[in-house]
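Down below is the structure, laid out as structure tokens.
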Amino acid sequence: MGKEITSREQDYSQWYNDLVIKGSLADYSAVRGCMVIKPYGFALWENMRDVLDKMFKDTGHQNAYFPLFVPKSLFEAEEKNAEGFAKECAVVTHYRLKADPNNKGKLMVDPEAKLEEELVVRPTSEAIIWSTYKGWIQSYRDLPLLINQWANVVRWEMRTRLFLRTAEFLWQEGHTAHATAIEAIAETKQMLDVYADFAENWMALPVIKGVKSANERFAGAEDTYCIEALMQDGKALQAGTSHFLGQNFAKAFDVKFSDKENKLDYVWATSWGVSTRLIGALVMAHSDDDGLILPPRIAPIQVVIVPIYKGDEQKGLIDEKVLAIVKNLKAMGISVKYDDSDNARPGWKFAEYELKGVPVRMAIGARDLQNNVVEIARRDTKEKQSVAMEGIEDYIKNLLEEIQLSMYNKAKQFRTDHMFSTDNWDEFLQLLDTKGGFVSAHWDGTAETEDKIKELSKATIRCIPLNNPQEPGKCILTGNPSTQRVLFARAY
RNA sequence: CGGGACGUAGCGCAGCCCGGUAGCGCACACGUCUGGGGGGCGUGGGGUCGCAAGUUCAAAUCUUGUCGUCCCGACCA
């Protein structure tokens, strides 16, 4: 037998780890809390990155790159931001090693090479970027400044999980500067829409757009908008955030501009980001006990072709047909892999590509050649059927689109089935314990109540949905008056 | 940082209690029969048992220390 995957029912966490590792997305590394993203996983990330990058550019943003290190004095300039991240910063204190006189062949930190000022390894780049923006912005004519960077960041997490929370992760962070609050808020919401668009239309992942409560807000932000997704175990996952930073960073870094009337004012800021965590979301939202199920629009391999043959003569005939199909599919922009490797039997390959989540598999053997058909199997439903070889390329193209849509609908249905509403505390707890999912409930709006609810139920306010209907009610915990329901869930 | 496990072949593990020739499965190489759902048979290569000290005639095994990883919790994209 080959690679065994723990079932979701048996151990959801282990199932997730199995998929990531056995699906060749990533591996543990020699560094605590850090993972190696393997070629297949990185190809997936590249696809996601390319789509997002185009979306950013289409909305007027440019890429740039800022340093990995942030001098401590800059890092601490925006107090709330610094405070929020202080507990999880890696800090560089020295710049040299030397041979250890007491331990042959070993190195030690050279105490004489202590830095005068420590360097913080960026957990996020607001500080280094805003210290730079000070020099870039003088006039309203320099605004808006719309910058994105693709980078790695480090957050020294106590407990890590592949893709969902690693000490180092890859992400993009947009940092924009605007002349007015209205414009900055519009930018914040625009990028939230971009994220939601990407999640839903490319990742087939339905998300809820909303705004965070004060407790869950990004350190240093006035408002944090987010997209929240639901995983198959009923837990929520924050899939992306977009922050309205007000003038906090402009004030901390003294970034002012002259308006048309030559009056000086601080600029208004946003920042927004999504990370490799999205890969974790993808895995947990769609996959099954046989392995990954990747949405066609971002799958590294969309179609795999497996030949079934006896002897070189049959192989030659199959090759001839397949190579023509491969050529046509590639011309249509479909990524296809013809796996004619001789070191694995067809059955092994079937299982392997199911594990890797390849959306469509085509098998072709002597029997098919005679009948002028191929066998097409779709990963999401595992349905198989014989399809005429004539026009197979169009058939596959349509099937890929159908799978994409079908995956989205399935995830959407799951979320609909796990969306609850209650006014009763006991039922609130019972829903979280038995069904999971999002529970819509009244909340009195105070941080104290939110903390208490978290303590008692392990659920947090995921968001206050955008365009949330206003309705008077009583707080689920305290019974105090409330003006609207908010979405609670247990979350990653 | 608290609690719990584990470091033995590329991977997964047994052996340790009771010290004495380092083993199994998968993977890998070669041959052969195979090939429509994780193949069969045969042959073969691969290890300073995480590291360091100690006890002993003798340590994968006992003792001490150390490093690392994973899992559960608090913190968090």
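Below, chains carry the letters A, B, ... as their sequence lines are ordered, and counting in each starts from 1.
A:Tyr195 places a side-chain N or O within donor-acceptor distance of the main-chain N or O of A:Gly273, the cut-off being under 3.5 Å. Listed for the A:Glu78 side chain is a donor-acceptor partner under 3.5 Å among the backbone atoms of A:Lys80. Listed for the A:Ser275 side chain is a donor-acceptor partner under 3.5 Å among the backbone atoms of A:Arg277.
Nucleotide B:A77 holds its P atom 15 Å from the CD atom of A:Gln172, rounded to whole Å. If you take CD1 of A:Ile21 and P of B:C71, they are 9 Å apart, rounded to a whole angstrom. The CZ atom of A:Phe85 sits 8 Å away from the C1' atom of B:A77 (whole-angstrom rounding). Between A:Leu369 atom CG and B:G36 atom P the separation is 16 Å, expressed in whole Å. Atom C1' of nucleotide B:C75 and atom CG of A:Asp451 are separated by 13 Å, given to the nearest angstrom. When rounded to the nearest whole Å, the span between CD1 of A:Ile5 and C1' of B:G12 equals 15 Å.
Taking the P atom of each, B:A58 and B:G45 are spaced 32 Å apart, rounded to whole Å. The same atom, P, is picked in B:G42 and in B:G25; the two are 11 Å apart, to the nearest Å. For B:U69 and B:G50, the C1' atoms lie 11 Å apart once the distance is rounded to whole Å. Comparing B:A52 with B:U61, their P atoms sit 12 Å apart, to the nearest whole Å. Rounded to whole Å, the separation between the P atoms of B:A60 and B:C51 comes to 11 Å. Taking atom C1' in both B:U56 and B:U63, one finds a spacing of 12 Å when rounded to whole Å.
In the interface, the side chain of A:Lys349 is not paired with the base of B:G36 through any donor and acceptor atom under 3.5 Å apart. For A:Arg345 against B:G39, a side-chain N or O and a base N or O form a donor-acceptor pair under 3.5 Å. Under 3.5 Å, the side chain of A:Asp342 and the base of B:G35 form at least one donor-acceptor pair of N or O atoms. Within 3.5 Å, a donor on the side chain of A:Arg361 pairs with an acceptor on the base of B:G37, or the reverse.
Residue A:Thr124 is classed as having no contact, given no heavy-atom separation below 4.0 Å to the nucleic acid. Residue contacts shown for A:Phe169 include a base, since a base heavy atom lies under 4.0 Å away. Residue A:Leu237 is classed as having no contact, given no heavy-atom separation below 4.0 Å to the nucleic acid. Counting any heavy atom pair closer than 4.0 Å across all strands shown, A:Asp368 reaches a base atom.
Each of A:Phe163 and A:Thr160 lies near RNA chain B, and the nucleotide nearest A:Thr160 is the one positioned closer to the 5' end. If you find the closest nucleotide of RNA chain B to A:Lys458 and to A:Ala363, the one lying nearer the 5' end belongs to A:Ala363.
Between B:A27 and A:Asn343, no contact under 4.0 Å exists linking OP1 or OP2 to a side-chain N or O. For A:Lys87 and B:C75, the shortest distance from a side-chain N or O to OP1 or OP2 is not below 4.0 Å. In terms of phosphate contacts, A:Tyr28 brings a side-chain nitrogen or oxygen within less than 4.0 Å of OP1 or OP2 of B:C71.
Minimum interatomic distance between A:Asn372 and A:Lys321 (heavy atoms only, all atoms of both residues): OD1-NZ, 4.1 Å.
In this structure, of B:G38, B:C75, B:C70, it is B:G38 that holds the atom nearest to the side chain of A:Glu352. Closest to the side chain of A:Ile308, from the set B:A74, B:C75, B:G36, is B:G36. Distances from the side chain of A:Lys454 to the nucleotides B:A74, B:G35, B:C75 place B:C75 closest. The listed nucleotides are B:G36, B:G38, B:G35; the one nearest the side chain of A:Tyr309 is B:G35. Of the listed nucleotides (B:G38, B:A77, B:G35), B:A77 has the atom at the smallest distance from the side chain of A:Arg155.
The aromatic rings of A:Phe198 and A:Trp202 lie parallel to each other, their planes meeting at an angle below 30°, with 60° marking the opposite boundary.
For CD of A:Gln62, the number of neighbouring non-hydrogen atoms (other residues, nucleotides, ligands) closer than 6.0 Å is 12 at most.
Ring centers of A:Phe428 and A:Phe488: under 6.0 Å apart, within the cut-off.
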